[in-house]
Structures are given as C-alpha cells and as structure tokens.
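Only heavy atoms go into these numbers, but all of them, side chains included; no hydrogens, no water, no symmetry mates. From a predicted model like this one, the values you see are computed outputs, not experimental measurements.
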Amino acid sequence: MTASRRVTRLTEDASGESHFDDSDVPLELKIFAPPAPAVLVSSATDASGYVVMRLPAGWTGERHPSPRRQIFFCLSGMLKVTASDGTSRMIEPGTAWFMSDTRGKGHTTDVVSPGPVDGVIIFLNDGLVGAIQP
C-alpha cells in the first residue's frame with residue numbers, strides 16, 4: 001500500500017524569483033515502531049535541529065529569503081505567505097510548508113488569523129526532503 005502527502009513548496013528560479021508549487025511526498029507501508037502495526041511513512045531526511053515558534057496576531061515579516069532549507073508544520077493559526085512573483089498561499093493547521101528559497105528575492109509572511117500562529121520548523125541538511133526536490 002502506498003499514498004502521498006501534499007506539501008506546499010517555495011523555491012527560487014535562476015533569476016532569484018520565488019515561486020510556489022505543490023509536491024507530493026511518497027508514503028509506503030512500513031513497520032516504523034515495532035511491535036506496532038505498519039503505518040504509511042516517508043523516507044527519512046537528515047535534519048540538524050528544530051524550533052517551536054509562536055507568531056503573534058498581526059505579525060508581519062519583511063521580505064526575506066529563508067535562512068536555511070527548512071520545513072514548517074503549522075499547528076494553529078493561519079499565515080499568508082507571498083512569493084516574490086506575487087502569488088500567495090495560506091498556511092493553516094495541518095499544512096507542511098517546505099522552504100528552499102534561500103537566495104534571491106524571498107517572500108513575505110503575515111499572520112492573518114485572529115490569534116497567534118504556533119508551529120514547528122525543522123532545519124534540514126542538504127539533500128532531498130523525502131522525495132521533495134530542492
């Protein structure tokens with residue numbers, strides 16, 4: 001049995017313009033935590049750390065590239081992220097947002113929910129994220 005998990009991806013092109021797309025991370029049925037039954041799981045990706053963060057209601061970040069390759073998992077609240085090409089995506093609870101726009105024009109981030117945004121950012125080492133291309 002296989003499946004996939006959709007991830008919002010923010011990348012940059014050769015001219016430094018940031019763009020969104022969607023990528024599917026393949027999941028395979030594997031014994032992950034024996035003796036528990038098999039679950040759908042992706043391949044492993046090397047990471048170097050993580051932070052738990054809270055952005056207050058009304059918070060706005062100036063345009064910037066991502067400081068490193070990282071993935072954000074939104075736990076509560078809602079962000080509006082705008083790529084330098086002008087397209088926007090809403091990041092809401094349950095959303096995974098892969099950031100690889102580490103050079104170039106970057107993106108802006110705004111908290112659009114009435115309350116704060118809580119999330120976890122995992123710092124990724126070089127290489128692939130599951131099957132997400134950099």
Side-chain angles (χ1 to χ4, degrees):
M1 171 189 278
T2 62
S4 64
R5 170 72 177 170
R6 175 98 357 148
V7 174
T8 298
R9 186 171 62 165
L10 182 61
T11 60
E12 64 202 19
D13 62 24
S15 68
E17 201 74 56
S18 294
H19 305 279
F20 283 107
D21 64 12
D22 296 305
S23 185
D24 290 320
V25 177
L27 306 174
E28 294 182 33
L29 194 61
K30 296 180 183 178
I31 301 292
F32 183 72
V39 295
L40 290 166
V41 64
S42 72
S43 59
T45 299
D46 289 335
S48 61
Y50 73 94
V51 295
V52 176
M53 67 185 321
R54 173 170 289 166
L55 303 172
W59 184 88
T60 298
E62 293 186 32
R63 182 174 297 202
H64 65 282
S66 296
R68 65 189 63 77
R69 291 178 67 252
Q70 56 193 16
I71 191 164
F72 175 76
F73 295 95
C74 184
L75 303 174
S76 66
M78 190 178 309
L79 294 173
K80 178 181 179 186
V81 180
T82 305
S84 64
D85 69 3
T87 59
S88 296
R89 295 279 180 104
M90 301 305 274
I91 308 299
E92 55 192 21
T95 302
W97 169 31
F98 173 57
M99 294 170 263
S100 65
D101 65 328
T102 58
R103 299 174 301 274
K105 299 175 185 175
H107 61 275
T108 60
T109 308
D110 300 293
V111 174
V112 295
S113 54
V117 170
D118 288 316
V120 176
I121 293 179
I122 299 173
F123 307 141
L124 303 172
N125 296 338
D126 290 336
L128 301 180
V129 178
I132 302 174
Q133 300 297 321

Taking atom CZ as the centre, does Arg63 end up with more than 12 heavy-atom neighbours from other residues, nucleotides or ligands that are less than 6.0 angstrom away?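 Enclosed.
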Supply the atom-to-atom distance [X] [atom1] to [Y] [atom2], rounded to the nearest 0.5 angstrom.
X     : Y      : atom1 : atom2 : value
Leu10 : Asp85  : CG    : CG    : 8.5 Å
Asp24 : Ser42  : CG    : OG    : 12.5 Å
Gln70 : Ser100 : CD    : OG    : 10.5 Å

Using only atom types and a distance under 3.5 Å, with no angle test, would you say the side chain of [X] pairs donor to acceptor with the backbone of [Y]?
X      : Y      : value
Ser113 : Met78  : yes
Glu12  : Lys105 : no
Thr11  : Phe20  : no
Ser48  : Asn125 : no

Within-4.5 Å side-chain heavy-atom neighbours: [X] and [Y]:
X      : Y      : result
Thr102 : Arg69  : yes
His107 : His64  : yes
Thr109 : Trp59  : yes
Asp101 : Ser66  : yes
Pro65  : Arg103 : no

Are [X] and [Y] joined in one hydrophobic group, where the rule is that I, L, V, M, F, W and Y side chains link up if heavy atoms are under 4.5 Å apart?
X      : Y      : result
Val111 : Val51  : yes
Ile71  : Val52  : yes
Phe72  : Leu55  : yes
Val25  : Phe32  : no
Ile91  : Leu124 : no

Can you see which heavy atom on [X] is nearest to which on [Y], and at what distance?
X     : Y      : result
Leu40 : Ala3   : CD1-CB, 3.8 Å
Thr82 : Ser88  : OG1-OG, 2.8 Å
Arg9  : Asp21  : NH2-OD2, 2.5 Å
Leu75 : Pro93  : O-CB, 3.7 Å
Glu62 : Thr108 : C-CG2, 4.2 Å

One pair to check against side chain to side chain contact (heavy atoms under 4.5 Å, CB included): Thr8 and Asp22. What are the steps and the verdict? CA-CA 5 Å; Thr8 298; Asp22 296 305; 3.9 Å; yes
Compile the donor-acceptor pairs under 3.5 Å between side chains in residues 115-123 and protein atoms, sequence neighbours left out, one pair per line.
residue: Asp118; atom: OD1; partner: Arg54; partner atom: NE; Å: 2.6
residue: Asp118; atom: OD1; partner: Arg54; partner atom: NH2; Å: 3.3
residue: Asp118; atom: OD2; partner: Arg54; partner atom: NH2; Å: 3.1
residue: Asp118; atom: OD2; partner: Ser76; partner atom: OG; Å: 3.1

Looking at Lys80 and Asp110, is there a salt bridge between them, counting it only when a charged N and a carboxylate O are closer than 4.0 Å?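 No, this pair does not count.
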